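Heads up: the structure comes next, in structure tokens.
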Amino acid sequence: SKILFKLINKIKPNQLTKEYYLTEIIEIAHNQGLEIDLINVNEYEIIGINNRFELAKAEKIAQKMFRHQALEKGVTLLDPETTYFAYNSIISKDVIIHPNVIIGRNVKLEKNAEVFSFSHLENCIIKENNKIGPFARIRENSIIEKNSKVGNFVEIKKSTIKEKVKINHLTYLGDTYVGSSSNIGAGTIICNYDGFKKNQTTIGNETFIGSNSTLIAPLKISDNATIAAGSVITENVPRNSLSIARKRQINKKNRSIKKKT
């Protein structure tokens, strides 16, 4: 490789196209008396890429290779042709991946994890026995510990989810720590951005967040706390507390709006 980089600097631009051709190195090496040899390789390993069509062709070849490697390792791909991997994906044996899943860069899936359809993972660690999706998005710097469930239409970014956590649907967690055995109800939103910076939210162990709750960071919800459904939480919640942050319902008798018939 040291010789290669020295020779690259000696390549002159083509007079017609003004492009630099890597193949010119062969002649330059010969003129310098360097030893030149041949090796046999598969054609797909050295195809040229000069436009978007050829790039797509190369990507298709790479994806076929990634899928073959995963299947040989013991990964179950229910529809291999619709599963997409990054070059550095680490997928352990006995992982199950359903159709139409994208595994982006720097993803590690550990044994017995299962990823359901239409999920997109990137730069994250999914540990053993987790179930992800369908329609889940796990973003950068997130860790999902063992035996947790991240369900449909859940997005997680820069967060740590500990063991046996349930986040079943329609939730956004950003810059958040969730303690073990907690339950995050449907429609829970972490408001982590105040217009200037991202703020951290900590949710303790065995904590229950009711559906349609809004948690405004920075915030700490301690162990075994309960947040009532529909609450907007702006202050820290002590351990073993029930927190309700909503106006009381008022029913006015005989005031129903008459409907047109």
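The analysis underlying the following values was restricted to heavy atoms, covering all of them including side chains, and did not include hydrogens, waters or symmetry mates. All figures in this text were calculated on a predicted structure; none of them were measured in a lab.
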(message) As a quick check of understanding, evaluate side chain to side chain contact (heavy atoms under 4.5 Å, CB included) for Leu121 and Ser119, giving each step before the final call.
(response) CA-CA 7 Å; Leu121 283 59; Ser119 295; 4.1 Å; yes
(request) In sequence, state the C-alpha distance, the side-chain angles, and the governing distance for Val101 and Thr82, and then conclude on side chain to side chain contact (heavy atoms under 4.5 Å, CB included). (result) CA-CA 7 Å; Val101 169; Thr82 64; over 6 Å; no
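For the ring-ring contact (aromatic ring centres under 6.0 Å, His included) test, residues two or more places apart in sequence or in another chain that qualify with Phe153 are Phe135. Taking Lys252 as the reference, Ile250, Arg255 meet the side-chain contact (heavy atoms from CB on, under 4.5 Å) condition, with sequence neighbours excluded. Residues passing the side chain to side chain donor-acceptor pair (under 3.5 Å) test with Asn192, sequence neighbours excluded: Asp175. Annotation: salt bridge (Lys or Arg N to Asp or Glu O under 4.0 Å) contacts of Lys162 (sequence neighbours excluded): Glu145. Residues satisfying the salt bridge (Lys or Arg N to Asp or Glu O under 4.0 Å) test with Asp79, not counting sequence neighbours, are none. For Glu19, the side chain to side chain donor-acceptor pair (under 3.5 Å) partners are Tyr21, not counting sequence neighbours. Residues satisfying the salt bridge (Lys or Arg N to Asp or Glu O under 4.0 Å) test with Glu155, not counting sequence neighbours, are Arg137, Arg139. In this structure Glu128 satisfies the side chain to side chain donor-acceptor pair (under 3.5 Å) test with no other residue, sequence neighbours excluded.
One distance of note links CG of Leu7 with CD1 of Ile25; it measures 5.5 Å at 0.5 Å rounding. Distance check: Glu163 CD to Ser148 OG gives 7.0 Å after rounding to the nearest 0.5 Å. Considering CZ of Phe85 and CD1 of Ile90, their distance stands at 12.5 Å, rounded to 0.5 Å. To the nearest 0.5 Å, the span separating CD1 on Ile227 from CG on Asn212 amounts to 13.5 Å. Atom CG of Leu215 is separated from atom OG1 of Thr201 by 6.5 Å, given to the nearest 0.5 angstrom. A distance of 5.0 Å separates CG in Asn123 from CG in Asn141, rounded to the nearest 0.5 Å.
Inter-residue side-chain proximity for Ile47 and Ile61 is flagged as met; some heavy-atom pair is nearer than 4.5 Å. Counting only heavy atoms from C-beta outward, the side chains of Glu140 and Lys157 approach each other to under 4.5 Å. Taking the side chain as every heavy atom from C-beta outward, Val232 and Ile216 approach each other to under 4.5 Å.
Listed by first and then second residue, the ring-ring contact (aromatic ring centres under 6.0 Å, His included) pairs that reach into residues 156-212 come to none, sequence neighbours excluded.
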Indicate every side-chain donor-acceptor pair of residues 65-77 with a distance under 3.5 Å to a residue at least two apart or in another chain.
| from | atom 1 | to | atom 2 | distance (Å) |
| --- | --- | --- | --- | --- |
| Arg67 | NE | Pro80 | O | 2.8 |
| Arg67 | NE | Thr83 | O | 2.8 |
| Arg67 | NH2 | Glu81 | O | 3.2 |
| Arg67 | NH2 | Thr83 | O | 3.1 |
| His68 | NE2 | Glu72 | OE2 | 3.3 |
| Lys73 | NZ | Ile91 | O | 3.2 |

Return a table of donor-acceptor pairs under 3.5 angstrom between the side chains of residues 183-191 and protein atoms on other chains or two or more places apart.
| from | atom 1 | to | atom 2 | distance (Å) |
| --- | --- | --- | --- | --- |
| Thr188 | OG1 | Gly185 | O | 2.8 |

Can I get a per-line list of side-chain donor-acceptor pairs under 3.5 Å for residues 103-118, giving both atom names and the distance, sequence neighbours left out?
| from | atom 1 | to | atom 2 | distance (Å) |
| --- | --- | --- | --- | --- |
| Asn106 | OD1 | Asn88 | ND2 | 2.7 |
| Glu114 | OE1 | Lys131 | NZ | 2.9 |
| Glu114 | OE2 | His98 | NE2 | 2.7 |
| Ser117 | OG | Pro99 | O | 2.9 |

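Residue Glu43 qualifies as open at atom CD: its count of foreign heavy atoms under 6.0 Å is 12 or below. No more than 12 heavy atoms of other residues, nucleotides or ligands shown are found within 6.0 angstrom of CD on Glu27.
Between the side chain of Asn42 and the main chain of Tyr44, no donor-acceptor pair closer than 3.5 Å is present. Side-chain N or O atoms of Lys149 include one that pairs as donor or acceptor with a backbone N or O of Gly133 at under 3.5 Å.
Note on Phe53 and Ile49: separate hydrophobic clusters, where clusters join Ile, Leu, Val, Met, Phe, Trp and Tyr whose side-chain heavy atoms are under 4.5 Å apart, directly or indirectly.
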